[in-house]
Each structure stands twice: as C-alpha cells, then as structure tokens.
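Atoms within each ligand, like the ligands themselves, are counted from 1 in listed order. For reference, positions follow the sequence shown, starting with 1.
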Amino acid sequence: MASMIFTDCSSSTTSRLLPLARNPLLRGKDGVVLFRRLVTLTPPNFTSYRRTLTLCSSSPSPLTHVTASLATEASATAKIIDGKSIAKQIRDEISVEVSRMKDAIGVVPGLAVIIVGDRKDSVTYVRNKRKACESVGINSFEVRLPEDSTEQDVVKFISDFNDDSSVHGILVQLPLPSHMNEEKILDAVRIEKDVDGFNPLNIGCLAMRGREPMFVPCTPKGCIELLHRSDISIKGKKAVVIGRSNIVGMPAALLLQNENATVSIVHSRTPNAEELTRQADIVIAAVGVPNMVKGNWIKPGAVVIDVGINPVEDAKSSRGYRLVGDVCYEEVVKVASAITPVPGGVGPMTIAMLLTNTLISAKRAHNFE
Ligand SMILES: Nc1nc(=O)c2c([nH]1)NC[C@@H]1CN(c3ccc(C(=O)N[C@@H](CCC(=O)O)C(=O)O)cc3)C=[N+]21
C-alpha cells in the first residue's frame, strides 16, 4: 500500500505536487482515479494533526463506488509568534533611547552598510535596513560597490568607516561576490563596530562562561528575544538547533546554552536528526532548506523558531517568488505550542537587533548609560 501524505508544503516528493488525477500512484488500471487509504509513518499521537485524505477502505472494489472524504480532525493550533509586531515594539523602544541620547549628549548613532554587487535579495535587505534606521532616528550610511570591485576597494571603505566617529556600526552585506575573501574583508571591521558580531574574538567571548561579547549576532539574538518576549522559558529545556552555520546555528546554540537550556546541534551528517529533534522542547531551524522540518519531527507542544527565508518560485506573486521557511508550517502549526511564521517571524527581528547593537555601540563609545 502506498504511504503518502498530502500537504501543501511537501518539497521532496514530486508526486505529492501532482494533481490527483495525473498522479500515477493514484490511478487505477482503467484510468479511473483510485483512492487509497493513506498510511502515515508517524507515531499514534502524531496522527491527529494530519490532514489525511481518507478515501475508501482497504477493499478497493467496486470502483464505481468511490467516495472521498476530507477528514480533518480537530486539534490545537500553535500560538503564532508575531515577529513583525515584536520588532515594531523594539524599534519604538530604540526610538526613545536614540532621542534621549541625542537630547543628553548630542550624539546620534550611525550605521554604515556596504553592499557589493546587485543581488536582488541583498538589495532588498539593505533597503529594509535603511528604512529601519530612518524609523528610529539612527543615521545610515550606505556604500554600493560594483560586483567587479576588488577586496582593496571594499577594505578602503571599511577603514574609512573604522576611523569615522559618527559611525558606530559597520555591516558588510553577505554574501560577497565569489572572487572575494570574505574572512579577510570581515576581519577589517574594527571589533568595536562589528554590530553583526561575526569577529572570531567576539564569538570566543560569546562561547566562554564569564566573558562578555562585544555584540551578540543579530539573528540568534532575535530568536532568543522572541522567546523572552513571548514568555517562553528556556532554562532547563531541551533545545535542538538544526544547522551549524557561523552566523546562525552555532551562535544560537551558544546563546541557548547560556540561557541554561540543554542543547543539541543537528546537521547534515546527523544520522538520527528527526529523532533528536522530536525530543526537543525548543527547536531553532536554520538550515536553508525549504520545508525540511515536518510535523512528525516535532514533539507535541514544542516551540519552533523558523530562521529559514527561502525564495521559491511563485508565478502568482508580483515578485515572481515567495518566501518559505525551513519548517513545514502547515504541518508543524498543528503540533507545536508556538511557532514563528515566514515572513514576519525572525526576519524583522534580525533588523531590530541590528538597530539595538548599533545603539549599544554608540552608547558604549560615548560612555552613555
Ligand atoms: N552581514 C550580514 N548581516 C546579516 O544580518 C545578513 C546578511 N549579511 N546577509 C543576508 C542575511 C539575511 N538577513 C535578513 C534580514 C531581514 C530579513 C527580513 O526582514 N525578512 C522579512 C521579509 C523580507 C522580504 O519580504 O523580502 C521577513 O522575514 O518578514 C530577512 C533576511 C540578514 N542577513
């Protein structure tokens, strides 16, 4: 018997995406659509959330008597963690602080962003960052260099910003063109202005007990802030981070550990990734694979933070694509107790944390409490 699940977020099995009548797995010999009872390979307590197409019974005949019923068993739905509105709240708090600082000592925080090339997504993010700065009264400086610039060109601008006292944060938009050495360029940013927190010395401090990092990297910091502001306690919880990147997975795991969670990191070479993830009370997914984390990876009642922002083709969207997370939202929303949406989850928080770090940097530079 075919084992199959119909969901809107299946990414791996093409047959799931085919319309029923064209799907050879569901076609009877004579071309009549043959519905089968769908068997899911999930433990019994996971079956309730699944929207299974329960059709016919194990005896397929007579074919003329085909009945289809869409059985949707009622089940709890996760609380949606609204990153967009939490980020707005944070920007409002930053605005207040920026004004207070300006009134008290006449200093306005400044953020410099360097972008090389014209990747559509990078241009969008940089524009969003500029708008966010404007909305809170932070000065923004933007440098856009052509794709064929040299490393020296980029480093020259970084050096100028390093020496400019009106700039408190410097961000080099990633990814850089492939002919550039990313490490070398990022190393040129003074650690006191590295609001991304990517400097290895900074990561070292983040990892060590009793040390204070200069800046906490924005995306992982945004994830933790979402948990705090949603009154989700981390202490003593089992957390799984899926993905081990330098900019999200690894620092996210360090932060969770610092919050006294017991942390596992699951990655592409983890043989039992699903099983480990299923034990977690808190899951942070940061792999960059659309819809990878299915409903049956999640323990009922777990909290799920989806860091993925994967563009997938969508002719219906004006941009020609839409964004999907690393988590199969439609499935997981029925199992988890709380979940972040994509868009509108972690993305806006990343930018809010960038503004926070820029404010922290300006306050530190001027000894302003
Ligand atoms: N040096 C550096 N620092 C970064 O922090 C950095 C970077 N490079 N390179 C690219 C990634 C990605 N990133 C995002 C920020 C905001 C949204 C965001 O606001 N997303 C919106 C949707 C935006 C849209 O609709 O396109 C949302 O999720 O709701 C997404 C992605 C920062 N990054």
With salt bridge (charged side-chain N to carboxylate O under 4.0 Å, His left out) as the criterion, how do Arg229 and Glu93 come out once you've worked through the C-alpha distance, each side chain's angles and the decisive distance to 0.1 Å? CA-CA 13 Å; Arg229 292 189 184 236; Glu93 294 164 13; 2.9 Å; yes

Go through the steps to decide whether Arg322 and Asp314 satisfy the test salt bridge (charged side-chain N to carboxylate O under 4.0 Å, His left out), and finish with yes or no. CA-CA 6 Å; Arg322 70 191 153 86; Asp314 182 3; 3.3 Å; yes

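The existence of a salt bridge linking Lys131 and Glu134 is excluded, since no basic side-chain nitrogen approaches an acidic carboxylate oxygen closer than 4.0 Å.
In terms of protein heavy-atom proximity, atom 30 (C) of ligand 1 is nearest to Tyr125 CE2, 3.3 Å. Of all protein heavy atoms, the one lying nearest to atom 7 (C) of ligand 1 is Gln173 NE2, 3.5 Å. Taking atom 6 (C) of ligand 1 as the reference point, the nearest protein heavy-atom neighbour is Lys129 NZ, 4.0 Å. Regarding atom 29 (O) of ligand 1, its nearest protein heavy-atom neighbour is Gly344 N, 2.6 Å. Atom 20 (N) of ligand 1 has its closest protein heavy atom at Gly347 CA, 3.7 Å.
Using 4.0 Å as the threshold, Cys218 has no heavy atom nearer than that to any atom of ligand 1.
At least one N/O-N/O distance between Asp196 and ligand 1 falls below 3.5 Å. The shortest N or O to N or O distance between Gly345 and ligand 1 is not below 3.5 Å. Any N or O atom pair closer than 3.5 Å counts here, and Thr350 shares no such pair with ligand 1. Taking only nitrogen or oxygen atoms, main chain and side chain alike, Arg319 reaches within less than 3.5 Å of ligand 1. When only interatomic distances are considered, the shortest N/O to N/O separation between Val172 and ligand 1 falls below 3.5 Å. The distance criterion of under 3.5 Å between nitrogen or oxygen atoms is not met by Leu323 with respect to ligand 1.
In this structure, Arg364 is positioned above the aromatic face of Phe215, its NZ or CZ under 6.0 Å from the six-membered ring centre and within 45° of the axis.
Checking Asp92 against Ser95 by side-chain atom types alone, no donor-acceptor pair falls below 3.5 Å.
Relative orientation of the His168 and His366 rings is perpendicular, given thresholds of 30° and 60° on the angle between their planes.
Residue-level proximity to ligand 1 for Leu174 is carried by backbone and side chain together, each with a heavy atom below 4.0 angstrom. At a heavy-atom cutoff of 4.0 Å, ligand 1 is contacted by the side chain of Ile351 but not by its backbone.
Of the protein's heavy atoms, none falls inside 4.0 Å of atom 11 (C) of ligand 1.
Within a 6.0 Å radius of CZ in Phe157, other residues, nucleotides and ligands contribute 12 heavy atoms or fewer. In the displayed structure, Lys238 atom NZ is contacted under 6.0 Å by at most 12 heavy atoms of other residues, nucleotides or ligands. No more than 12 heavy-atom neighbours from other residues, nucleotides or ligands sit within 6.0 angstrom of NZ on Lys88. Summarising the local packing, CG of Asn128 is surrounded by more than 12 heavy atoms from other residues, nucleotides or ligands at distances under 6.0 Å.
Near Pro343, with a cut-off below 4.0 Å to any heavy atom, the atoms of ligand 1 are 27 (C), 28 (O), 29 (O). Within ligand 1, the atoms closer than 4.0 Å to a non-hydrogen atom of Leu171 are 1 (N), 3 (N), numbered from 1 in the order shown. The ligand atoms of ligand 1 that sit less than 4.0 angstrom from a heavy atom of Pro348 are 19 (O), 27 (C), 28 (O), 29 (O).
Connection of Ile158 to Leu176 is established within a shared hydrophobic cluster, with ILVMFWY side chains joined at heavy-atom distances below 4.5 Å, either directly or through further cluster members.
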